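The shown structure was predicted, so the numbers you read here are calculated from the model rather than taken from an experiment. Whatever order the structure lists ligands and atoms in, that order sets their numbers, starting from 1.
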Amino acid sequence: MKLHTVSFGCQMNTADSEEMGRTLVGRGFGFTQTPQDADAILINTCTVRQHAEDKAFSFVGTLREWKEANPNRLLIVAGCAAERTKDVLQKRFPYVDLVVGAKSIEQFPEIVEEALKEKFSWEKDNVGVWPDEGNGKEARAHCAYVTIMRGCNYTCTYCIVPFVRGREIYRPAAAILKEVETRVREGAKEIMLLGQTVNSYRGEGEIVDFSDLLKTVAQIQGVERIRFMSPHPYYFNDKLIETLAATPQVCNHIHLPVQSGSNRILKLMRRNYTRERYLEIVQKLRAAIPNIAITTDIIAGFPTETEQDFDETMDLIWEGGFNGAYCFKFSPRDGTDAANLEGQIDQETKECRLARALELTEDMGRKKAQAQIGQVKEVLWHTDQEGFSRDSYKVELLNGQKTQAGSAQPVNIEGVKSRKLLGRLVS
Ligand code: 5AD
Ligand code: SF4
């Protein structure tokens, strides 16, 4: 039996898909990259913006024929959009077997057990089947995603996540450490710790907070690199900055979403920090960690945003000196406070502001990439020619030079292709 997984949205979703995939692998499935060969397809959806939801559902729509060709096949739709729309989704796509909302991911093993009992005869199908084909994700095998918390206690007024993922729950530190050890044994060199507001983590015993967790993960033998996604500025205290600076395994790239540079808009977004506080964190990070790369998220066209508010965002992007940014048009999500605010911004203005933010961040990103030429960077190779530096640049070897996937080596950076760095192994 073969499983094909498709994940939309953030890394949390990718990690959840892997977790659900492991459940199915534990029940005798192997992975396939080709939907046509699959006996089960798992789609993990995103609803953070309308566009993300539309993309996921249009993909579900394309699977009607696959399912009708063999009704014994199993089609699972999981994740945030599944949580938000549940019955509507089932009505719109009656051929979907299982809808598993983001809040039920922890119960996925029991939910899927029932469905599998109905669909597959274990004695017959399990003979000689073993998941020995790999999961088709070898390219990322050296980097393991480890979820440390789920949900969010914030109520940013534009955000649907607290509705679909619920309040924060923290995974016990012992379970996290055990998973990290397992992943390292399987070949991971880099660990990506994941949570909606990853640095609000609360542990137990010696591991009180996220900083303590970072230090403990760094002590595990074989962990060469640690990353985390996404921290919230509110929890970015001095202890965390000191920990990052004192823990060499932690990579010198931080993704720290700011959303807006206007204090008035930040307040309306209920972000719980000011532009001054945000820029103070950036400045402290730069002082503590040499050559740190910082990226961010920007929302353009939040309700009531004026030209002046948006100019303040553009100024903040400039002052922040970001290496890159994800920029989004505000997307009103049903049920959120921001969707009901008066003063919604028209599409054209949103698009125009988005274009300005994109132009500036892309230009800054290109210049930052150019400035890397002449440096030597350690690259962890995901394939025999491509890998990532500690500051999260994709690096490609020049002139067809090849190396061994999974190893880490210093590279002389000699050029730039868009934002990818090109280089040669240091001989
Ligand atoms: N509209 C636009 N962007 C949004 N994001 C979250 N909700 C919305 C929304 N309603 C963006 C934020 C967040 C990223 C994951 O998605 O920038 O950091
Ligand atoms: Fe959404 Fe805000 Fe929570 Fe991030 S912190 S998931 S933007 S509510």
Revision key, fill the gap. Nearest non-hydrogen contact to atom 4 (C) of ligand 1 from the set Val258, Leu354, Ile299, Thr157 belongs to Ile299
Practice item. Provide the number and element of each atom of ligand 2 under 4.0 Å from a heavy atom of Tyr158. Key: 7 (S)
Point to revise | Cation-pi check, Arg49 onto Phe328 ring (under 6.0 Å, within 45° of axis) | key: yes
Check your understanding: Is there side-chain contact between Phe302 and Leu341, with heavy atoms separated by less than 4.5 Å?
Key -> yes
**Study point:** For Phe330, the ligand 1 atoms whose distance to one of its heavy atoms is below 4.0 Å
**Key:** 1 (N), 2 (C)
**Study point:** Which residue and heavy atom of the protein sit nearest atom 2 (C) of ligand 1, plus the separation
**Key:** Lys329 O, 3.2 Å
Exercise for review: Considering only non-hydrogen protein atoms, determine which one is nearest to atom 6 (C) of ligand 1 and report residue, atom name and distance to 0.1 Å.
Suggested key: Val48 CG2, 3.4 Å
Point to revise | Check: Leu214 and Leu240 side chains under 4.5 Å, non-hydrogen atoms | key: yes
Study note, to complete from the structure: Nearer than 2.8 Å to atom 2 (Fe) of ligand 2, the protein contributes N, O or S atoms numbering 1
Practice item. Would you check if the distance from the ring center of Tyr273 to the ring center of Phe236 is below 6.0 Å? Key: no
Review point. Is there side-chain contact between Thr197 and Met149, with at least one heavy-atom pair below 4.5 Å?
Key: yes
**Study point:** Ligand-residue contact atoms, ligand 1 with Arg333, heavy atoms, under 4.0 Å
**Key:** 10 (N)
Review point. Can the ring centroids of Tyr326 and His255 be said to lie less than 6.0 angstrom from one another?
Key: yes
Practice item. Please test Arg356 against Glu359 for salt bridge (charged side-chain N to carboxylate O under 4.0 Å, His left out), starting from the C-alpha separation and ending with a verdict. Key: CA-CA 5 Å; Arg356 282 173 63 197; Glu359 194 186 338; over 6 Å; no
Review point. If you measure from each non-hydrogen atom of Tyr158 to ligand 1, which part falls under 4.0 Å: side chain, backbone, both or neither?
Key: both
Review point. So which heavy atom in the protein is nearest atom 5 (N) of ligand 1, and how far is it from that ligand atom?
Key: Arg49 NH1, 3.5 Å
Check your understanding: Asn263 versus Glu276: any side-chain heavy-atom pair under 4.5 Å?
Key -> yes
Check your understanding: To which protein heavy atom is atom 1 (N) of ligand 1 closest, and what is the distance rounded to 0.1 Å?
Key -> Ser331 N, 2.9 Å
Exercise for review: Check each of Val217, Leu194, Leu213 against Ile148 using the side chain to side chain contact (heavy atoms under 4.5 Å, CB included) test, and report the only one that passes.
Suggested key: Leu213
Practice item. Run the numbers for me: atoms of ligand 1, each under 4.0 Å from some heavy atom of Asp297, listed by number. Key: 13 (C), 14 (C), 15 (C), 17 (O), 18 (O)
Revision key, fill the gap. Of all protein heavy atoms, the one nearest atom 12 (C) of ligand 1 is Gln259 OE1, 3.4 Å
Exercise for review: Classify the angle between the aromatic ring planes of Tyr154 and Tyr235 as parallel (below 30°), tilted (30 to 60°) or perpendicular (above 60°).
Suggested key: perpendicular
Practice item. Decide yes or no for Arg271 and His232: does some side-chain heavy atom of the first lie under 4.5 Å from some side-chain heavy atom of the second? Key: yes
